[in-house]
Amino acid sequence: MKIATFNINGIKARAAALPDWLDSAQPDVVLLQEIKSVDEAFPRELFEERGYQVETHGQKSFNGVAILSKLPLEDVTRGLPGDDSDEQARWIEATVVGKQAIRLCGLYLPNGNPAPGPKYDYKLGWMERLRARAQQLLDGEEIALMAGDYNIIPQAEDAKRPDAWREDALFRLESREAFRRIVNLGFTDAFRARVGGPGHYSFWDYQAGAWNRDDGIRIDHLLLTPQCADLLRDVGIDKEIRGFDKPSDHVPVWAEIDI
DNA sequence: ATGGCTATTCAAAATAGA
């Protein structure tokens, strides 16, 4: 089963590029972030006509996550537990049954800039809630993954120019420590389990010719529980579509799971 | 880069992104 994460930066703006990528990459499941749409306005027919079931957790203008799946989605839940006052649409979960069941968590972790400040506090608080949910998945010994736009550059090798990001909410020490607290519970970064070294990015800014200079960062990740990591067969970053017409500033990252 | 681009929104400039 090919499972991808893709921050599309607006479903309306990606009404051509996203179906084009689906048709060529043929993922079984896609976890989408930044749909920037309410549920009622999401163009589900674009995906249903390609054989995908669509589940959204949308919000007006900003944020918003969704799941597309060729197999039925079961037990769908919306919103990251731990703060009933949080109105931002950044988390969705569902179960898909292949040979075995796998729990899929799609997430759009807060950017957090400027740091320090209230937005950064929100990011760190959100990550603490994420850690709690992650621990539950481990405690249940589930075949599960948490994938999405983490807005975290894990290591210097994950940025073309790490020094430019030192004080940024995506790379400052506190952010990376919070990310490691989650990974170190026992998760596997799917991409890094298979590919080492610098030069692998999932985001290039629209500004300043970042794409042409390959000035990117790796911030979209799939974290696997041990039971899921046992089934990991392949990974990839579909970098080339960043150079196509009307691209998102992110590209898809995927994992092939033997399930 | 204290923002060079893109997307969104009660439709013009503001907000957000990373």
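Protein chains get the first letters and strands the later ones, always in sequence-line order, with residue 1 at the start of each. All values below come from the heavy atoms of this structure, side chains included, with hydrogens, waters and symmetry mates left out.
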Expressed in angstrom and rounded to an integer, what is the separation of [X] atom [atom1] from [N] atom [atom2]?
X	N	atom1	atom2	answer
A/Asn113	B/dG17	CG	P	9 Å
A/Asn7	B/dA16	CG	C1'	12 Å
A/Trp165	B/dA1	CH2	P	11 Å
A/His250	B/dA16	NE2	C1'	12 Å
A/Phe62	B/dA14	CZ	P	14 Å
A/Gln59	B/dT8	CD	C1'	12 Å
A/Ile35	B/dG17	CD1	C1'	16 Å
A/Leu170	B/dA16	CG	C1'	13 Å

What's [X] touching, base or sugar-phosphate or nothing? Going by heavy atoms closer than 4.0 Å.
X	answer
A/Asp149	sugar-phosphate
A/Tyr108	sugar-phosphate
A/Asp249	nothing
A/Ala208	base

Closest listed nucleotide, where the reference is the side chain of [X] and the choices are [options]:
X	options	answer
A/Lys119	B/dA18, B/dT8, B/dA16	B/dA16
A/Lys12	B/dT8, B/dT6, B/dG4	B/dT8
A/Lys36	B/dG17, B/dA7, B/dA16	B/dA7
A/Asn111	B/dA7, B/dA18, B/dG3	B/dA18
A/Ser61	B/dG3, B/dT9, B/dA7	B/dT9
A/Tyr206	B/dG17, B/dT8, B/dT9	B/dG17

Return yes if a side-chain donor-acceptor contact under 3.5 Å exists between A/Lys119 and A/Asn113, otherwise no.
no

Are a donor atom and an acceptor atom from the side chains of A/Asn63 and A/Gln88 found within less than 3.5 Å of each other?
yes

So, is [X] close to the [N] phosphate, meaning a side-chain N or O under 4.0 Å from OP1 or OP2?
X	N	answer
A/Asn9	B/dA7	no
A/Lys60	B/dC10	yes
A/Tyr122	B/dA16	no
A/Arg14	B/dA7	yes
A/Lys246	B/dA7	yes

For A/Ser37 and A/Gln88, take the nucleotide of DNA chain B holding the closest heavy atom to each; which residue's nucleotide lies nearer the 5' end?
A/Ser37

Residue whose closest nucleotide on DNA chain B lies nearer the 5' end, A/Ile11 versus A/Leu109:
A/Ile11

Distance between the [atom1] atoms of [N] and [M], in whole angstroms?
N	M	atom1	value
B/dA12	B/dG17	P	25 Å
B/dG4	B/dT15	P	16 Å
B/dC10	B/dA14	P	16 Å
B/dA18	B/dA7	C1'	14 Å
B/dA1	B/dA16	P	23 Å

For A/Asp39 and A/Gly58, the nearest pair of non-hydrogen atoms, with its separation, is OD1-N, 2.7 Å

When you measure from the centre of the six-membered ring of A/Phe171, is the NZ or CZ of A/Arg176 under 6.0 Å away and within 45° of the axis?
yes

Ring-face cation of A/Arg172 near A/Tyr120 (centre distance under 6.0 Å, axis angle within 45°)
yes

Ring centre gap for A/Phe244 and A/Trp21 strictly below 6.0 Å:
no

Flag the pair A/Phe42 / A/Phe47 as yes when their ring centroid distance falls below 6.0 Å, and as no otherwise.
yes

